[in-house]
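What follows is one structure encoded as structure tokens, with my remarks underneath.
Indexing begins at 1, ligand by ligand and atom by atom, following the structure's order. The shown structure was predicted, so the numbers you read here are calculated from the model rather than taken from an experiment. Keep in mind that the numbers below use all heavy atoms, side chains included, and drop hydrogens, waters and symmetry copies.
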Amino acid sequence: MSMKVLVTGGAGYIGSHTIVELNKAGYEPVILDDFRNSKPSVIDGLQKILGKETELLNFDVCDTERIAQYLSKEEVCGIIHFAAYKAVGESVVNPLKYYQNNIEGLVSILKAVSKEADIPFVFSSSCTVYGEPKGQKEVSEQTAKTIPTAPYGFTKWLGEQIIEDLYHSNHELRMMSLRYFNPIGAHESAFIGELPIGKPNNLLPFITQTAAGVHEKLTIFGNTYPTVDGTCVRDYIHVVDLAAAHVKALEFLLGQRMGCNEIVNIGTGKGSSVLEVVDAFEKVNEVTVNYEFGPKRPGDVIEIYANVDYAKSLLGWQAKKTINDAVRDAWRWEKSIRSKE
Ligand code: WQD
């Protein structure tokens with residue numbers, strides 16, 4: 001069996017960490033990325049970690065013909081599809097950018113897969129498909145989905161539906177959607193990590209950039225929520241644990257003789273508030289984060305974290321790293337970026 005795995009968006013944050021984990025597990029990942037939302041420097045970082053080059057296909061995931069040509073001459077044992085835009089706020093301002101890239105890109109890679117029929121397929125989905133889980137803080141895969149208000153989240157909701165419909169048209173296909181919670185942290189080497197292009201949307205890069213002096217202060221969006229300390233609660237998962245879950249997902253699909261379409265939560269199973277994350281960051285790294293409380297951010301879910309029983313029973317996977325590991329690795333990565341400026 002070929003050990004080649006095609007990883008779309010493989011130069012991205014989660015994609016690059018998954019390239020490392022696939023190598024560790026003995027696979028030969030192939031990156032498909034046109035660097036529209038990632039940087040070529042990630043390829044150099046992977047070279048330093050792996051001590052070897054990773055095959056790179058530098059073209060648009062929407063170019064179905066080129067993907068089909070590649071798959072007709074190269075045997076791959078699986079496909080992991082990360083390539084998508086993921087900034088919630090930007091998706092509201094520029095919805096067509098998100099629908100074109102995230103939906104057309106998914107359809108493009110699925111057309112190539114279904115042509116080759118029997119390539120296991122892992123899709124990068126998101127807990128955002130749960131929306132505000134109506135007072136049910138802990139969500140399982142059976143928790144009802146809510147159509148997300150932001151176009152970004154809707155592309156994940158619709159992506160899962162497209163995969164479901166494709167599976168019902170061909171029950172030989174082996175597919176899995178992983179619903180990520182909040183990925184944070186970086187590889188311990190600090191050769192790869194989260195590279196927000198422009199002002200970060202997500203909490204942890206904003207914390208690390210504030211601690212590094214890039215921003216004067218962090219604004220915590222709301223501290224009067226009905227939670228442990230008034231700030232929103234999320235399930236923050238170390239990106240290396242999340243990457244390892246993709247290897248487990250691929251191996252599950254490779255072990256299936258029949259077709260399947262599985263949906264799995266990938267989180268730690270534990271919620272942490274914004275203030276708890278800031279506190280952990282300050283304590284672990286012995287630095288101060290200057291912050292103030294500001295108005296609530298429209299659309300923010302109050303509290304959500306994963307029930308991860310299915311990931312354990314189906315994939316034999318659970319998170320191993322802690323939030324302290326993640327904030328330590330995130331800070332090491334931030335300092336490495338700043339040292340190169
Ligand atoms: C977390 C908490 C903010 C920034 C989104 C997507 C999800 C996934 C992760 C892609 C919230 C608070 C944040 C800041 C703050 N994306 N915050 N000040 O919104 O839970 O999830 O990103 O995979 O699909 O929906 O993540 O990091 O933006 O926010 O107070 O400067 O931090 O209000 O409570 P979110 P986030």
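Protein heavy atom closest to atom 33 (O) of ligand 1, with residue, atom name and distance, is Asp300 OD2, 2.5 Å. Here the heavy atom of the protein found nearest to atom 5 (C) of ligand 1 is Asn202 ND2, 3.8 Å. Ranking the protein heavy atoms by distance from atom 28 (O) of ligand 1 puts Arg297 NH2, 3.0 Å first. For atom 21 (O) of ligand 1, the nearest protein heavy atom (residue, atom name, distance) is Asn182 ND2, 3.6 Å. Regarding atom 34 (O) of ligand 1, its nearest protein heavy-atom neighbour is Cys232 CB, 3.0 Å. The protein heavy atom nearest to atom 14 (C) of ligand 1 is Phe221 CE1, 3.3 Å. Atom 24 (O) of ligand 1 has as its closest protein heavy atom Ser126 OG, 2.8 Å. Of all protein heavy atoms, the one closest to atom 20 (O) of ligand 1 is Arg234 NE, 2.6 Å.
With a 4.0 Å cut-off on non-hydrogen atoms, Val88 touches ligand 1 through its side chain and not its backbone. Counting heavy atoms closer than 4.0 Å to ligand 1, residue Thr231 contributes nothing at all. Of the heavy atoms in Tyr85, none comes closer than 4.0 Å to ligand 1.
Near Tyr152, meaning under 4.0 Å from one of its heavy atoms, ligand 1 places the atoms 10 (C), 16 (N), 23 (O), 24 (O). Heavy-atom proximity to Ile220, at under 4.0 Å, picks out these atoms of ligand 1: 30 (O). Residue Asn201 has at least one heavy-atom neighbour below 4.0 Å for each of these atoms of ligand 1: 4 (C), 28 (O).
For Trp157 (side chain) and Lys145 (main-chain N/O), no donor-acceptor pair under 3.5 Å exists by modelled atom type. With hydrogens and angles disregarded, a donor-acceptor distance shorter than 3.5 Å links the side chain of Asp34 to the backbone of Arg36. At distances below 3.5 Å, not a single donor-acceptor pair connects side-chain atoms of Asn265 with backbone N or O atoms of Tyr310. Between the side chain of Ser108 and the backbone N or O of Val61 there is at least one donor-acceptor pair closer than 3.5 Å. Judged by distance alone, the side chain of Asp33 and the main-chain N or O of Ala11 form a donor-acceptor pair under 3.5 Å.
Geometrically, ligand 1 and Tyr180 share no nitrogen or oxygen pair separated by less than 3.5 Å. Ligand 1 has no N or O atom lying under 3.5 Å from any N or O atom of Phe181, backbone or side chain. Polar contact check, Leu203 against ligand 1: a nitrogen or oxygen pair lies under 3.5 Å apart. Where the criterion is an N or O separation shorter than 3.5 Å, residue side chain and backbone included, Lys86 fails it with respect to ligand 1.
Here the rule is side chain to side chain contact (heavy atoms under 4.5 Å, CB included) with Asp325, and of His238, Lys320, Glu188 only His238 fits it. Just one of Val274, Ile302, Val233, Thr231 meets the side chain to side chain contact (heavy atoms under 4.5 Å, CB included) condition when paired with Tyr225; it is Ile302.
By the 6.0 Å contact criterion, NZ on Lys283 is open, its count of non-hydrogen atoms from other residues, nucleotides or ligands being 12 or less.
In this structure, atom 8 (C) of ligand 1 has no protein heavy-atom contact shorter than 4.0 Å.
Residue nearest to atom 31 (O) of ligand 1, selected from Asp235, Leu218, Val301: Leu218 (by heavy-atom distance).
The shell of residues lying under 4.0 angstrom from ligand 1, judged by heavy atoms, excludes Tyr13.
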With side chain to side chain donor-acceptor pair (under 3.5 Å) as the criterion, how do Tyr98 and Glu90 come out once you've worked through the C-alpha distance, each side chain's angles and the decisive distance to 0.1 Å? CA-CA 9 Å; Tyr98 278 69; Glu90 183 194 38; 2.4 Å; yes
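Counting heavy atoms from C-beta outward, Phe181 and Thr268 have side chains that stay 4.5 Å or more apart. Counting heavy atoms from C-beta outward, Asp235 and Cys127 have side chains that stay 4.5 Å or more apart. Phe35 places none of its side-chain heavy atoms less than 4.5 Å from the side chain of Val42.
A salt bridge does not link Glu160 with Lys156: every distance from a Lys NZ or Arg NE/NH1/NH2 to an Asp or Glu carboxylate oxygen is 4.0 Å or more.
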